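Report on the following structure.
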Amino acid sequence: MKGVKALILKDWKLIFRNRLLFAVLIIYPFIIMGVIGAAFGGVGRPVPIALVNLDSARPGETAWTGVETAAAEALERRFRRRAAQVSEYGSDSEAVAALSDGEVNSLMAVSAPGEAPLWLGADLSPEEISATLLDLSREADAWHEYASAEEAIASMEEGRDDVLFAVPEQDYPYLDESIWLDKENYDAYSLVSKFGQDVTDIEAYASEEKARDDLKRGRVDAVIVLPRGFVHSLKTLDEVAQVPVIIDQSNLVKAEFAETSIRGFLSRIKDGVVENKTEAVVAGLYVLVGGGDFFGTEVVGLDQIRENLLELKEALGDRPDLQEKVEVGIDLADTVIGDIEEAAAYLRGTALPIALEISSIAGRPLSAKDAVVPSLIALSILWTGVLCGAILMVIEDEEGMRIRLGLTEMGAFSLVGSKLLLATAVVFVQSAVMLALAVAVFGAFSSDILLSLLIIAAASFSCIGMGLVIAAFARQVAAAVILSVLVCFPLIFMTGVVFPLSQMPAFMQWIARAIPLTYAIEALAGVMLRGETVADVAWQLFVLIAFGVGLLTLGSLLVRRRST
Amino acid sequence: MISIRDLSKDFDGIKALAGVTLSVGKGETFGLIGPNGAGKTTLIRILTGQTVPSGGDILLDGETVDPLEARYRLRIGLVPQEPAFYGRLTAHENLTLLAGLYGIDKGQITARVADLLSWVGLEEHTARQVRFFSRGMQQRLSLAMGLVHHPDLIYMDEPTSGLDPEARLSLWDLILRLAEEGRSIFLTTHNMEEADRICDRLAILIGGTLREEGTPQRIKGLLGTDRVEAMLLEDRSAVLEALCGRLGLSWKSEGDKVVISGPELADKLPEIASSLMGSVRNLHYREVTLEDAFLRFMREVKR
């Protein structure tokens, strides 16, 4: 072990006096810790949720319901039978005008194969409207709620719905109902807001369309659509409250956070409601057994009846024939008491839940495989772009050729231009092959490959520009590689690839907005997974190109300045 | 052909060059010698456009030029201290690339590259990647790369640094052939033998200042002369006094030997030897070298 101390001291001096080594070995871990710590420091932040409350009547609005059903004709017949007088309209606009003018308070449209839909209007009583809605729900294979006539009519034109039913919202049954829970009275919005306040940041949206827009833009992480009659179904517990939830599955972690949070607090609502209800019923059943007040009526309980029968049996000691008859009564009381206890236990154990209808903003369920492809491609653009930009430039220094090339007739920007073109070609071809493999071989989803390629090209400029900037600070390829890794590694954590931006502290979100990769991931995920168009990602494309031009210019200037 | 007037360069307040003025004529081989850190490489970097000077002018054929101007750039060639080429390309590929970038006509590139490879003796190694070349071969390729566009003036920054004697001689031979072709050569070197053998004219640069300039003979003459060193068996002061007086020489004792020096010493050697015969253990004739002169100059500067 002789000389160990001297060798250790020597190595420490070597590290301490080499700025790059010192930064990589000693300082960098703290930077990474800071970046990851800051990114994950926001864990537990409320998930931003858009809440569209259809369980609230808005005066002047119409409630549109559409169903996919094989019983369209039967529903039409029942509608006609129920109404005292039915008007037929030649077109949807005529029908909608009749409803909005108050000529009728309900419309039904029935699609006929190969023909224009048949529009019927009638004035129905609240009971008849409820009965019609009940018919629809019984016959529906799928049930849809629409915020506007246009939406509902378009859906029927696309063949999604076979029957449409419209009534003014003030006439729609079960809207604006409230429910008592934990000694407080809630309507649909306040119920969800209250129970979700610990884990979500709920904002009310007037329409599902606007909420979906904000989901696409990443302003919210999920959209909850409270259906008409949501609170009513919680109160009656006679049917499952189907709650559509739209999440952005293009980021699996974000989707998971959102879904878990929503399931969590809706489950608390369900438990509360179910418990209250079942307890009330169970308590009532036990009154039947034990006696007491049963919804305002003093009831003699089965226990008391049994006691009385036992006393009667004893009193009839010398009449075995009568005793036998009393015995039957006692057995019957025992059986009923046992059945009631069983029923109470059953009620406690079963309850109609709130069911979530989870759907993806992409319009189709996405698998992990689908969701990971945009991020992988964006990371490969970052990796290859930065490394290519840096290495191709630094290689001229390492080989000592930059001076020689500078003396030739080569144009002022030929060197940078040649590097940019080659690096772009490498990044573009590599990413295009990855995309093709992901789609063709692994079956990943991409809704617009050409637009994805355009984004790849725009993103590659930015990343190559970053590489050029790095090249200005390195003279050997090895140093360029190390610097590139040092730069790329924290970016992966700061751009929402690993951890959703919405869960990061505000300052980290601002930093993420200053990193081109953030826009590349957003745009790629949008185009590949959410079916976004060039108009939807125009901003991201613009930012990527602006970053590209800026970084390439800065890199070129730094490289030229260093070489003189 | 090229003149430098009052050229200076400061690096964060440190003067790397302080008003250097010199010129290199057409067909002349000019050598810049000086210790490490004298500013030789800085001067070459300025003259090849890699570093911007703090002051002074560069004149090409009497006209002030910016080293980045094409009319200057395309007339100079460079042989840097460290060989500069793409190691994973062959010699042929390196030269072809450079010829193309210099705008040599495509039809002439092949012939030009073949000529150069033959000229530097690498014609049998055209298909090998350059990283597998010996250092000497690499430096010969580096020279060829500096000549690809027929420059009038070639800058060489310590071109034989790190070469073995055989490779050094081979490169000297090539440089002398260039000089014979009438190219102007501006080289920096630590190797005094190289400066003495190759250069028509020399300048000594110390601490960014030009101290002396002239032919190798003049520099040597300025700073030292040939001498005879003799180890004597007995005191022959009287003989030495008479001998030196007669031949116009001078003598002095240096430790256990006497040193005789003076003009045309080589011609007077037989007479010196016969005068000291019988009382001398050994006798050496030492011709002054540029290295002796340089070292003596450096000692004087330090004093």
Side-chain angles (χ1 to χ4, degrees), chain A residues 17 19 384 387-423 425-426 464 467-468 471-482 484 553-564, chain B residues 9 41-42 44-54 66-89 93-105 129-131 138-139 141-149 151 153-155 157:
Chain A
R17 290 175 187 173
R19 275 185 295 182
T384 312
L387 279 173
C388 254
I391 290 173
L392 287 177
M393 191 53 81
V394 170
I395 213 165
E396 301 295 348
D397 286 314
E398 190 166 275
E399 302 277 32
M401 283 298 289
R402 195 197 292 259
I403 308 156
R404 273 206 198 289
L405 297 179
L407 295 175
T408 66
E409 281 198 53
M410 189 181 73
F413 287 95
S414 298
L415 190 63
V416 172
S418 67
K419 309 293 178 189
L420 174 63
L421 287 176
L422 176 61
V426 169
I464 294 163
L468 276 189
F473 298 93
R475 286 179 191 277
Q476 288 96 31
V477 169
V481 171
I482 291 172
S484 301
T553 308
L554 176 67
S556 307
L557 292 175
L558 286 174
V559 164
R560 278 173 69 84
R561 197 182 73 162
R562 201 196 67 180
S563 51
T564 52
Chain B
K9 177 68 185 173
T41 299
T42 302
I44 291 264
R45 286 181 62 85
I46 290 173
L47 291 171
T48 52
Q50 301 168 58
T51 300
V52 180
S54 308
D66 181 329
L68 296 174
E69 279 180 61
R71 67 182 168 119
Y72 172 81
R73 265 192 299 122
L74 297 177
R75 287 182 64 184
I76 64 167
L78 174 65
V79 182
Q81 188 175 350
E82 290 299 322
F85 42 69
Y86 297 106
R88 281 179 163 75
L89 297 188
E93 287 167 338
N94 269 293
L95 286 167
T96 304
L97 167 76
L98 213 55
L101 291 174
Y102 269 115
I104 294 176
D105 189 60
Q129 287 186 23
V130 175
R131 64 197 168 114
Q138 288 181 343
Q139 196 63 328
L141 173 64
S142 193
L143 178 61
M145 291 178 77
L147 299 174
V148 78
H149 56 302
L153 170 64
I154 302 145
Y155 291 108
D157 190 8

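Below, chains carry the letters A, B, ... as their sequence lines are ordered, and counting in each starts from 1. Treat the numbers as computed from the prediction; the structure is a model and nothing was measured.
Atom CZ in A:Arg402 sits 11.0 Å away from atom CD in B:Gln50 (nearest 0.5 Å). Here CE of A:Met401 is found 8.5 Å from CG of B:Leu89. Values are rounded to the nearest 0.5 Å. To the nearest 0.5 Å, atom CD1 of residue A:Ile403 and atom CG of residue B:Asp157 are 9.5 Å apart.
Among all heavy-atom pairs drawn from B:Ala84 and A:Gly400, the shortest one is CB-O, 3.1 Å. B:Tyr102 and A:Leu407 get closest at one heavy-atom pair: CE2-O, 3.4 Å.
Under a 3.5 Å cut-off, the side chain of A:Arg404 and the backbone N or O of B:Pro80 do not form any donor-acceptor pair.
Within 6.0 Å of CZ in B:Arg88 there are 12 or fewer heavy atoms belonging to other residues, nucleotides or ligands.
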*Start with the C-alpha distance between B:Tyr86 and A:Glu398, add both sets of side-chain angles, then the distance that settles side chain to side chain donor-acceptor pair (under 3.5 Å), and finish with yes or no.*
CA-CA 9 Å; B:Tyr86 297 106; A:Glu398 190 166 275; over 6 Å; no

*Start with the C-alpha distance between B:Leu74 and A:Thr408, add both sets of side-chain angles, then the distance that settles side-chain contact (heavy atoms from CB on, under 4.5 Å), and finish with yes or no.*
CA-CA 7 Å; B:Leu74 297 177; A:Thr408 66; 5.7 Å; no

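Of the listed residues (B:Thr48, B:Leu78, B:Val148), the one with the most heavy-atom contacts under 4.5 Å to chain A is B:Leu78.
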